[in-house]
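Structure below; questions to follow.
Both backbone and side-chain heavy atoms feed into the values below; hydrogens, waters and symmetry mates do not. Labels below follow one simple rule: chain letters A, B, ... track the order of the sequence lines, proteins then strands, and each chain is numbered from 1.
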Amino acid sequence: MNDNAPTPRGRTLALGALVLLGGFAVMVLEIVGARYLQPWFGGAFYVWTSQIGMVMLALALGYGVGGHMADRFKKARFLSLLLAPAGIFVLLIPQMAPGLLDGIVDRHVKSSAPALSAEPTASEAVRTGLVITETNLLAEIPKDFLEGKTNNAANNLPAPPIDEAPPSEIPAVWRKLDPAIGSALVFLFPCFVLAMISPFMVRLAARQVAHVGTVSGLVYAASTVGSIAGVFISAYVLIDLFTTTQIFQMTGALTLGLGGLCCLIDWQWPEDSQDD
Amino acid sequence: MLTVGLLCVAMAEGAVRYRSQSAHNQIVVEDKGGYRMLRFNGSMETRLLIANPLLGHFEYTDYFQMPLLWNPKAKRVLVMGLGGGSTQRAFQGYYPTVHVDTVELDPAVAKVAKEWFGVKETKTHTIHISDGRGYLRRNKNRKYEAIMMDAYSSNTYGSFIPHHLATKEFFQLAAEDLTANGVLAYNVIGTYQEWRADIVGSMYRTMKTVFPHVYHFPAADSQNIVLLGVKANTGGLTSATLRARVDLLRRAQPKMPAYFGPRLARIRASAPPSAEQSPVLTDDHAPISKLLVPAK
């Protein structure tokens, strides 16, 4: 035990960066993820509800499991073993998620009625090279009609409407729960792993019970500052400048990078990671 | 409390008739100067003349009748976004044989439209409570001659197009649910030159990736531009074909309103000037908030 030896400054910075960037990545996934889910689950309200709820669930699980694992394994590189698959998972969201989300939505489509597939395709008519201007478009239409001075005399009514099968309605309960299932499938695992960083860092940074309060407070603060940055940078900058595919790729790469940083911490300061 | 309430009413020179809060909107119905108005989160959605509900509506909704030029004997059309039901009332009044399906996200809006704006579910009008894109996705059986898009989310800062209803992938989905001659009409809030010109340009370009012909109608009394995407790739309008379409429609729809002609006269066929530098919107990248930043 070397409780009184000062913690190397570089190690403290590395641990802080891990916590901060972990918090950042979680909120990028939450904010960009909510937008990503909208083409499948539509209108914003239940999508946001489920996305927030599922990320909170991931955090709760990650904190609980992460703290337990930290006491048991103590080495930062244990986290790398989880951050690597989480990073790859996030990298692959654009390829993997659409199929899963299609499945959730399309299970409500009643396939019993045959699809009207016999619709004739529009013929490839020769496109005239004519440039149409607004005035010549209207040239042959009676002036009194364009001025609203006439009405119609003819009265051959069209046939009454034919009623085809209506599209299946989604039951109210699934309208609410489907987005939560979608959020969970795509975002629960990576956010769970990222949430494990914080309790792990408390274990690695706290040298004495007397300092646990200070250390854990700093870890909460750093993680939350990272999350705040993640929220605003995602909404104000990333969504405007990048495609969601690119944002997921960058977040996946960041998660892999955090795994690398964990290995670096063990390699650079081996004695600090081993004391007990 | 009562005094404060009366003071507020007096200041607004109108009477709040109804107020409710749903999961999606704060809804207010207000009567003022012979008009009834519907506000979502402070922004005005609809108005009508209480004495004649077929009048007093926003003029831009009239352009939702233009798809009938390609489908004079339309059987079934789809309207996304109910609001106070201006479009639905016009179709019921002027084209009574056309069946209207309305898709509205918020059940509370449907309730208000029925109680305060005379919207009825009849043999020729059905309301579906659903997200618009989800409805199109689940619809495998019905083909529509026209789809009209007026689904906005509003707040005190203005009205915003939900991005998942404005992308290339959305228009591909909509085109699948249109008949061979089907037409999609989209209300875009914006102008050609300045305010929100980029979103008008982007919507034009995005629709053009799916629809061979896109026409547009700038509203006369508000900052709305209605874009018309025509699915059939059978040559664009010429003065002769437009004349023929008008004649067919006048014969098929004897009750059509006299204002149809003056509205048609506002048709434009060339690309809006802002289209050139505005991006195509996709599910992967739809920077709508960036496009809404006013041009310098």
Review point. Which one, A:A235, A:P142, A:P94, leads in non-hydrogen pairs under 4.5 Å with chain B?
Key: A:P142
Point to revise | Side chains of B:R243 and A:L138 in contact at under 4.5 Å (non-hydrogen atoms) | key: no
Check your understanding: Within a radius of less than 6.0 Å around OH of B:Y259, do more than 12 heavy atoms belonging to other residues, nucleotides or ligands occur?
Key -> yes
Practice item. Report yes if the side chains of B:V246 and A:F145 come closer than 4.5 Å at any heavy-atom pair, otherwise no. Key: yes
Revision key, fill the gap. Given A:T244, A:V105, A:D240, A:I141, the one with more heavy-atom pairs under 4.5 angstrom with chain B than any other is A:D240
**Study point:** Residue A:I239 versus chain B: region with a heavy atom under 4.5 Å
**Key:**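 It is the backbone, since no side chain atom gets that close.
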Point to revise | Part of B:P262 within contact of chain A (heavy atom distance under 4.5 Å) | key: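 Contact with chain A is through both the backbone and side chain of B:P262.
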Point to revise | chain B contact via A:D178 - side chain, backbone, both or neither, heavy atoms under 4.5 Å | key: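 For A:D178, there is no contact with chain B at all, as no heavy atom is under 4.5 Å.
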Study note, to complete from the structure: Max heavy-atom pairs within cutoff under 4.5 Å with chain A, candidates B:P96, B:A240, B:S130, B:G132, goes to B:A240
Exercise for review: In plain terms, say whether A:D106 and B:R137 are close enough for a salt bridge, that is, a side-chain N and a carboxylate O under 4.0 Å apart.
Suggested key: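 The answer is yes: the pair qualifies as a salt bridge.
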Practice item. Give the member of B:D101, B:I129, B:D106, B:L173 that has the highest number of heavy-atom pairs under 4.5 Å with chain A. Key: B:I129
Point to revise | Per-residue contact mode, A:R35 against chain B (heavy atom under 4.5 angstrom) | key: both
Review point. Between A:F242 and chain B, which part of the residue has a heavy atom less than 4.5 Å away: side chain, backbone, both or neither?
Key: backbone
**Study point:** Non-hydrogen atoms of A:Q38 and B:H164 that approach each other most closely
**Key:**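 In this case the closest contact between A:Q38 and B:H164 is O-CD2, 3.6 Å.
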Practice item. Counting only heavy atoms closer than 4.5 Å, note whether B:A286 contacts chain A via side chain, backbone, both or neither. Key: both
Check your understanding: Given the options B:L242, B:T282, B:D247, which has more heavy-atom pairs under 4.5 Å with chain A than any of the others?
Key ->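 If we count pairs closer than 4.5 Å to chain A, B:L242 comes out on top.
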Check your understanding: Are B:S239 and A:L137 close enough that some pair of their side-chain heavy atoms sits under 4.5 Å apart?
Key ->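 B:S239 does not reach A:L137 side chain to side chain.
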Check your understanding: Taking side chain as C-beta onward, heavy atoms only, is A:P39 less than 4.5 Å from B:R133?
Key -> yes
Exercise for review: Taking B:D284 for its side chain and A:T245 for its backbone only, find out whether a donor-acceptor pair lies under 3.5 Å.
Suggested key: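 Side chain of B:D284 to backbone of A:T245, a donor-acceptor pair under 3.5 Å: yes, one is there.
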